[in-house]
Amino acid sequence: MAVTVEAVVNAVSAALHKVFPDRPVYINQQEQDFKRPSFFVDAVYWTRARQNIGTDRTELYLTVYCLEKLTVNRNGDLALALQTADKVEGLFRMGTLPVGDRVLKVSASRGGQDRGECDVDLTVSWNDWNGYDPDAGYPLMEKLHTEVVPDESW
């Protein structure tokens, strides 16, 4: 079964919810009155390229934002955000992410913080069948014309 970007985003959200059951996980949009502490999962972009005649390779880049309660100066609580980001990175330390009937390769590639808000970048990659059908290509082929020219040395 082919893996979809939506299925991967939902699997990341489920992994977060399993470890942090009391925190809402927002996907690709923050509600106007979102609650803290929470997570925001953003599917940043993905690339897909043909690997060989029958498979494509997809790499999906996501960012998980760790949103802690605000301090009196309206910044996130940096100490808590760093602890949370470390736990999020640890979720994907084994390098695998169950998605449907598959287990995909995942890596936490980068992390950062800004004004007490932390983020962890994830890269999820997988190969899928691309629907290659050799018979479908035959009508698209042009005729190949060859001419055998004898070599003078024969």
Side-chain angles (χ1 to χ4, degrees), residues 1-138 140-141:
M1 177 197 250
V3 175
T4 65
V5 171
E6 178 186 16
V8 174
V9 171
N10 287 336
V12 168
S13 176
L16 291 168
H17 188 68
K18 187 174 182 179
V19 174
F20 301 93
D22 298 333
R23 291 181 182 229
V25 178
Y26 301 100
I27 298 176
N28 282 353
Q29 76 179 45
Q30 289 177 332
E31 296 175 12
Q32 185 172 352
D33 296 320
F34 71 94
K35 298 191 178 0
R36 289 173 178 265
S38 60
F39 294 104
F40 174 61
V41 178
D42 188 16
V44 181
Y45 68 94
W46 58 93
T47 61
R48 185 167 288 135
R50 176 170 244 159
Q51 283 297 101
N52 57 40
I53 201 164
T55 57
D56 290 334
R57 178 163 186 80
T58 302
E59 289 195 349
L60 171 60
Y61 301 89
L62 302 113
T63 300
V64 176
Y65 295 93
C66 309
L67 307 173
E68 296 297 338
K69 290 185 178 181
L70 295 178
T71 61
V72 293
N73 61 1
R74 306 289 297 158
N75 288 332
D77 186 324
L78 180 58
L80 283 175
L82 289 172
Q83 291 171 13
T84 302
D86 191 48
K87 286 180 185 176
V88 168
E89 191 275 332
L91 280 173
F92 305 102
R93 192 168 280 150
M94 293 301 292
T96 59
L97 177 69
V99 178
D101 62 351
R102 309 261 302 270
V103 177
L104 308 183
K105 181 181 177 186
V106 61
S107 64
S109 56
R110 186 188 70 83
Q113 78 84 28
D114 181 30
R115 296 180 55 204
E117 306 286 9
C118 285
D119 59 88
V120 177
D121 287 348
L122 304 176
T123 304
V124 182
S125 56
W126 67 93
N127 290 339
D128 264 329
W129 174 248
N130 66 16
Y132 172 73
D133 180 1
D135 294 334
Y138 289 143
L140 302 176
M141 293 179 165

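For reference, positions follow the sequence shown, starting with 1.
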Handout entry: Residue Glu6 excluded, over 12 heavy atoms near CD under 6.0 Å
Key = no

Completion exercise
Quick note, side chain to side chain donor-acceptor pair (under 3.5 Å) partners involving residues 39-52, not counting sequence neighbours, are Arg48-Thr58, Asn52-Thr55

Handout entry: Within residues 16-28 or reaching into it, pairs that qualify as salt bridge (charged side-chain N to carboxylate O under 4.0 Å, His left out) - sequence neighbours excluded
Key = Arg23-Glu68

Handout entry: side-chain contact (heavy atoms from CB on, under 4.5 Å) against Thr63, all qualifying residues, sequence neighbours excluded
Key = Val44, Tyr65, Asp119, Asp121

Exercise for the section: Working to the nearest 0.5 Å, report the span between CH2 of Trp126 and CG of Leu60. Expected result: 5.0 Å

Problem - OG1 on Thr123 to CG on Leu104, rounded to 0.5 Å - result: 12.5 Å

Practice task
Apply salt bridge (Lys or Arg N to Asp or Glu O under 4.0 Å) to Glu59 and list each qualifying residue two or more places apart in sequence or on a separate chain.
Solution key: Arg57

Which pairs of donor and acceptor atoms, one on a side chain in residues 76-83, lie under 3.5 Å apart (sequence neighbours left out)?
residue: Asp77; atom: OD1; partner: Ala79; partner atom: N; Å: 3.3
residue: Asp77; atom: OD1; partner: Leu80; partner atom: N; Å: 3.3

Handout entry: Which residues share a side-chain contact (heavy atoms from CB on, under 4.5 Å) with Ala7, sequence neighbours left out
Key = Thr4, Val99

Exercise for the section: Using side-chain contact (heavy atoms from CB on, under 4.5 Å) as the criterion, list what pairs up with Arg36, not counting sequence neighbours. Expected result: Phe34, Leu67, Leu70, Glu117

Practice task
Scan for ring-ring contact (aromatic ring centres under 6.0 Å, His included) pairs involving residues 2-24, sequence neighbours excluded, and state none if there are none.
Solution key: Phe20-Phe39

Fill in the blank from the handout: side chain to side chain donor-acceptor pair (under 3.5 Å) filter on Ser109, not counting sequence neighbours, yields none

Handout entry: Val8 side chain near Leu97 side chain, heavy-atom distance below 4.5 Å
Key = yes

Exercise answer: donor-acceptor pairs, residues 85-92 side-chain atoms, under 3.5 Å, sequence neighbours excluded:
residue: Glu89; atom: OE1; partner: Arg93; partner atom: NE; Å: 3.4
residue: Glu89; atom: OE1; partner: Arg93; partner atom: NH2; Å: 2.3

Exercise for the section: Taking all heavy atoms of Val25 and all of Val41, pick out the closest pair and write down the distance. Expected result: CG1-CG2, 3.8 Å

Practice task
Please name the pair of heavy atoms, one in Leu62 and one in Ala43, separated by the smallest distance, quoted to 0.1 Å.
Solution key: CD2-CA, 4.2 Å

Exercise for the section: Name all residues meeting the side-chain contact (heavy atoms from CB on, under 4.5 Å) criterion together with Pro24; count only those two or more places apart in sequence or in a different chain, and write none if there are none. Expected result: Tyr26, Lys35, Ser38

Problem - For Asp128, salt bridge (Lys or Arg N to Asp or Glu O under 4.0 Å) partners two or more places apart - result: Arg102

